[in-house]
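Residue numbers run from 1 in the order of the sequence given. The shown structure was predicted, so the numbers you read here are calculated from the model rather than taken from an experiment.
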Amino acid sequence: RGPMNLYSLTEDHVRFYEEHGYVQLDNVLTMDEVEVLRRAVAQAVDDKNKYNLNLGPRTDEGYAKVFLQMVNLWERYPVLEDYIHNVRVAEIARKLTRSKYVRLWHDQALIKYPKDSKATAWHQDTVYWPMNEAGGLSCWMALDEVTVERGCMWFVPGSHKLGPLPPIDLGNVLPDNLDAVLPASFRGVKPVAVELKPGSCTFHNGLTFHYAGPNVTDIPRRAMVTIFIPAGITYKKHTHIVGDRSNLQPGEEFHGPLFPVLARD
């Protein structure tokens, strides 16, 4: 499935990811591929009420202003299923984690609407995921030009080495909460903003602290996120937005059709 021409990921990319907990990769998708994703995400926005696709906390108006979050679109839209199975993207995740294979945890389209927009609080992802081990990672693929003003991602380099810290209330924290969530030893580390062109992306470790500012422009900021599970990661009983749909037992390695292998050595 998907084009087989692979991205030329280098050992320097992998080492940068291992050291800093994130890496920026430019021109992973063509503009034609980006346009296909834009149309599919637009269709999902049109369908979101009919299918109850917005899996962000629907009752929390504060969180609603952070972004529109639509999860597991690959199960409903064949174009997005093709994207999830695009070996070019999944193989990057496999190589960054030096893993024999990677599975899908879930996809999500994230749209940060203009004007009445809130920042996403500084947080780690892993603490919200039902995984016993660290190592899960996300590909954050820009579908629009993403600038600081439009709410690009910021990362705290090396913060993945801190291990899991307590979860943050994502809808209720000011963007200056970084000092509150990082241990004192890390407070001098300067966050890095990553601006992206459409078709470029970041991969970040689920333990890397990251944040996105408000979108103060007139244009929505759209991203397609794929979250990957490296080989050997086991299931932890957990209340997660995606829900426990798979009948996995605690301590079992992820498996089954809801978590397909997307790239293999």
Audit row: Val23, Leu9, side chain to side chain contact (heavy atoms under 4.5 Å, CB included) steps and yes/no: CA-CA 11 Å; Val23 65; Leu9 194 76; 5.7 Å; no
Do [X] and [Y] have side chains that approach each other closer than 4.5 Å (heavy atoms only, starting at C-beta)?
| X | Y | result |
| --- | --- | --- |
| Pro157 | Val189 | yes |
| Leu162 | Leu182 | yes |
| Asn27 | Ser200 | yes |
| Trp74 | Pro260 | yes |
| Gln43 | Arg39 | no |
| Pro183 | Leu165 | yes |
| His106 | Leu258 | no |
| Arg88 | Glu33 | yes |

Output the distance between atom [atom1] ([X]) and atom [atom2] ([Y]), rounded to the nearest 0.5 Å.
| X | Y | atom1 | atom2 | answer |
| --- | --- | --- | --- | --- |
| Tyr7 | Lys95 | OH | NZ | 11.5 Å |
| Gln108 | Leu73 | CD | CG | 9.5 Å |
| Lys112 | Asp144 | NZ | CG | 13.5 Å |
| Thr147 | Leu196 | OG1 | CG | 10.5 Å |
| Asn215 | Ile111 | CG | CD1 | 11.5 Å |
| His20 | His204 | NE2 | NE2 | 16.0 Å |

Measure across [X] and [Y] and return the closest heavy-atom pair with its distance rounded to 0.1 Å.
| X | Y | answer |
| --- | --- | --- |
| Ala119 | Tyr211 | CB-CE1, 3.6 Å |
| Glu252 | His255 | OE2-CE1, 3.3 Å |
| Ala93 | Thr97 | O-OG1, 2.8 Å |
| Gly163 | Gln124 | O-NE2, 2.9 Å |
| Trp122 | Pro191 | CH2-CB, 3.5 Å |
| Pro78 | Arg76 | CD-O, 3.6 Å |

Quiz question: by atom type and distance under 3.5 Å, do the side chains of Tyr77 and Asp47 form a donor-acceptor pair? yes
Checking Thr234 against Glu133 for the side chain to side chain donor-acceptor pair (under 3.5 Å) test, could you report, in this order, the C-alpha distance in whole Å, the side-chain angles of both residues, the deciding distance, and whether it holds? CA-CA 7 Å; Thr234 60; Glu133 299 81 13; 2.8 Å; yes
Do [X] and [Y] share a hydrophobic cluster, counting only Ile, Leu, Val, Met, Phe, Trp and Tyr and linking them when any side-chain heavy atoms are less than 4.5 Å apart?
| X | Y | result |
| --- | --- | --- |
| Met224 | Val36 | no |
| Met31 | Tyr83 | yes |
| Trp129 | Leu248 | yes |
| Leu137 | Val261 | no |
| Val192 | Phe203 | yes |

Tell me, with the steps shown, if His210 and Tyr22 meet ring-ring contact (aromatic ring centres under 6.0 Å, His included). CA-CA 10 Å; His210 59 286; Tyr22 76 94; over 10 Å; no
Got a salt bridge between [X] and [Y], using NZ or NE/NH1/NH2 to carboxylate O under 4.0 Å?
| X | Y | result |
| --- | --- | --- |
| Glu18 | Lys161 | no |
| Glu149 | Arg221 | no |
| Arg94 | Glu91 | yes |
| Arg15 | Glu11 | yes |

Should Ile233 and Phe228 be marked as a side chain to side chain contact (heavy atoms under 4.5 Å, CB included) after you check the CA-CA gap, both sets of side-chain angles, and the distance that decides it? CA-CA 11 Å; Ile233 291 201; Phe228 297 94; over 6 Å; no
Take atom NZ in Lys197; do more than 12 heavy atoms of anything else shown fall under 6.0 Å from it?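 No, the 6.0 Å shell around NZ holds no more than 12 heavy atoms from other groups.
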Under 3.5 Å, side chain of [X] to main-chain N/O of [Y], donor-acceptor pair present?
| X | Y | result |
| --- | --- | --- |
| Ser117 | Pro214 | no |
| Glu195 | Cys152 | no |
| Ser99 | Pro230 | no |
| Asp107 | Val225 | no |
| Gln69 | Leu110 | no |
| Thr202 | Gln24 | no |
| Arg150 | Thr217 | no |
| Arg103 | Ile229 | no |

Let's go through Leu37 and Leu80 carefully: what are the C-alpha distance in whole Å and the side-chain angles of both, what is the deciding distance for side chain to side chain contact (heavy atoms under 4.5 Å, CB included) to 0.1 Å, and is it a yes or a no? CA-CA 7 Å; Leu37 294 182; Leu80 293 175; 3.5 Å; yes
Among Asp12, Asn205, Leu25, whose side chain to side chain contact (heavy atoms under 4.5 Å, CB included) with Tyr17 holds? Asn205
Tell me whether the rings of Phe254 and Trp105 are parallel (<30°), tilted (30 to 60°) or perpendicular (>60°). perpendicular
Does NZ or CZ of Arg264 lie under 6.0 Å from the centre of the six-membered ring of Tyr101, at an angle within 45° of the ring axis?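 Relative to the ring axis of Tyr101, which defines the angle, Arg264 lies inside both limits.
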Apply the test side chain to side chain contact (heavy atoms under 4.5 Å, CB included) to residues Tyr113 and Leu68: give CA-CA distance (whole Å), side-chain angles for both, the deciding distance (0.1 Å), then the verdict. CA-CA 8 Å; Tyr113 284 105; Leu68 170 65; 3.6 Å; yes
